[in-house]
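What follows is a short report on a single structure.
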Amino acid sequence: MFYTILDFPLGQIFLAKSNKGLSVASFIKNKRQIKEITDFFKNKDIPLEPNLKKFQEETKLFARYFSGKKEDFTSLHLDFISGTPFQRRVWLETRKIPYGKTSSYKSLARKLKNRGYRSIGQALSRNPLLIVIPCHRVLSSDGSLGGFSAGLKLKEFLLRLEKNQLQA
DNA sequence: TACATAAGAATAG
DNA sequence: CTATTCTTATGTA
């Protein structure tokens, strides 16, 4: 498993990938989070190796995304290292939300499990692939932001980024 | 409209 | 089993 750390306007992103695809794209706001993530791999007995070169494609896409250009990350292959079948279904469904559009926990729940709104939220809170899986495009049914474990500021930032794209 | 509370699905400990 | 979660629906004022 290879990893690198990417700078972006609000902080840094920890990226990890196997030879099969991207596994982690996690927002980090302090050193402690880096340790949490590396410990996670240690517990799973997965060796981590820093390697920036392995992320040429990803860094390019992220740079384009943060510069305000439309970027869906749909070309990236993913390799889930964690997550139950249910969570993966939620993540894949979330990934279908197009750039600049938003959905709600309710409508996702309708597709997967009729009244599992909260389980949807819980599954998204465990989203290992921030931005790649656009969990920030999922809002409460009344249009308010709802919650966001990585920080509402980040959610707002991402939404505004995509909104500006629509106006341009 | 605003606020408290219940309901409901899945997961982690 | 209990607590927790990026929710929603309902009741009450």
Side-chain angles (χ1 to χ4, degrees), chain A residues 1 5-6 8-16 18 21-30 32-46 48 58 61-62 65-66 68 70-74 76 78-166:
Chain A
M1 189 72 79
I5 292 177
L6 191 69
F8 87 111
L10 262 63
Q12 294 179 309
I13 298 174
F14 183 97
L15 295 178
S18 68
L22 196 62
S23 297
V24 176
S26 177
F27 176 62
I28 48 180
K29 36 187 184 297
N30 52 45
R32 188 173 52 83
Q33 294 232 326
I34 298 179
K35 190 179 181 333
E36 272 175 25
I37 296 170
T38 52
D39 280 349
F40 173 79
F41 284 104
K42 205 189 292 177
N43 287 337
K44 279 199 170 301
D45 219 25
I46 299 174
L48 271 179
E58 286 82 359
L61 293 181
F62 275 104
Y65 180 82
F66 286 121
K70 178 170 151 62
E71 183 54 64
D72 270 318
F73 298 97
T74 46
L76 287 181
L78 306 183
D79 179 24
F80 294 120
I81 51 171
S82 68
T84 63
F86 172 76
Q87 289 172 342
R88 294 183 190 190
R89 260 186 290 153
V90 174
W91 296 337
L92 290 178
E93 200 63 39
T94 304
R95 207 185 178 201
K96 293 182 190 165
I97 304 174
Y99 188 100
K101 290 230 170 167
T102 59
S103 188
S104 68
Y105 302 96
K106 182 183 173 183
S107 64
L108 286 180
R110 197 167 295 274
K111 287 200 183 86
L112 301 173
K113 198 76 180 177
N114 217 348
R115 302 226 172 73
Y117 340 95
R118 298 192 81 183
S119 49
I120 301 286
Q122 193 236 182
L124 288 179
S125 77
R126 301 194 179 285
N127 172 18
L129 289 158
L130 194 62
I131 299 173
V132 179
I133 292 173
C135 45
H136 56 277
R137 291 182 199 141
V138 184
L139 311 178
S140 297
S141 63
D142 63 356
S144 61
L145 287 185
F148 201 60
S149 65
L152 275 175
K153 258 197 328 197
L154 179 63
K155 187 170 188 174
E156 241 181 310
F157 172 80
L158 296 173
L159 287 172
R160 204 181 51 212
L161 190 69
E162 302 190 357
K163 199 166 147 196
N164 290 343
Q165 167 66 27
L166 285 186

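Just so we're on the same page: letters track the sequence lines, and every chain starts at 1.
- At a threshold of 4.0 angstrom between heavy atoms, the contacts of A:F86 are confined to the sugar-phosphate backbone, with no base atom among them.
- Counting to the nearest Å, the P atom of C:dC6 and the CG atom of A:L139 are 15 Å from each other.
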In sequence, state the C-alpha distance, the side-chain angles, and the governing distance for A:E36 and A:R32, and then conclude on salt bridge (Lys or Arg N to Asp or Glu O under 4.0 Å). CA-CA 6 Å; A:E36 272 175 25; A:R32 188 173 52 83; 2.6 Å; yes

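- For A:R88, the CZ atom sits in a packed shell: over 12 heavy atoms of surrounding residues, nucleotides or ligands are nearer than 6.0 Å.
- Using a 3.5 Å distance cut-off with no hydrogens or angles, the side chains of A:S140 and A:D142 do not pair a donor with an acceptor.
- Counting non-hydrogen atoms of neighbouring residues, nucleotides and ligands closer than 6.0 angstrom, the NZ atom of A:K29 exceeds 12 such neighbours.
- As rounded to whole Å, 16 Å separates atom P of C:dT7 from atom CG of A:L112.
- Of the side-chain N and O atoms in A:S104, none sit less than 4.0 angstrom from OP1 or OP2 of C:dT7.
- The nucleotide C:dT7 finds its pairing partner in B:dA7, both defining distances of the Watson-Crick or G-U wobble pair being shorter than 3.5 Å.
- Distances shown here put a side-chain N or O of A:T84 below 4.0 Å from the OP1 or OP2 atom of B:dT11.
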Walk me through whether A:F8 and A:F27 qualify under ring-ring contact (aromatic ring centres under 6.0 Å, His included). CA-CA 10 Å; A:F8 87 111; A:F27 176 62; 5.6 Å; yes

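- With rounding to whole Å, A:R88 atom CZ is found 19 Å from B:dA9 atom C1'.
- In this structure, A:K106 places its NZ atom 17 Å from C1' of B:dA9, rounding to the nearest Å.
- A:G147 comes within contact range of at least one nucleobase, with a heavy-atom separation under 4.0 Å.
- Counting to the nearest Å, the P atom of B:dT11 and the CD atom of A:Q122 are 7 Å from each other.
- Residue A:I120 contributes atom CD1, which lies 13 Å from atom C1' of B:dT11 at whole-angstrom precision.
- The interatomic distance linking A:E156 (CD) with C:dC6 (P) rounds to 17 Å, in whole Å.
- Both A:S125 and A:R110 lie near DNA chain C, and the one whose nearest nucleotide falls closer to the 5' end is A:S125.
- Toward the 5′ end of DNA chain B lies the nearest nucleotide of A:K113, the other residue of the pair A:R126 and A:K113 mapping further downstream.
- Contact annotation: A:S141 reaches the phosphate of C:dT8 (side-chain N/O to OP1 or OP2, under 4.0 Å).
- In this structure, CD of A:Q87 is placed 12 Å from C1' of B:dA9, rounded to the nearest angstrom.
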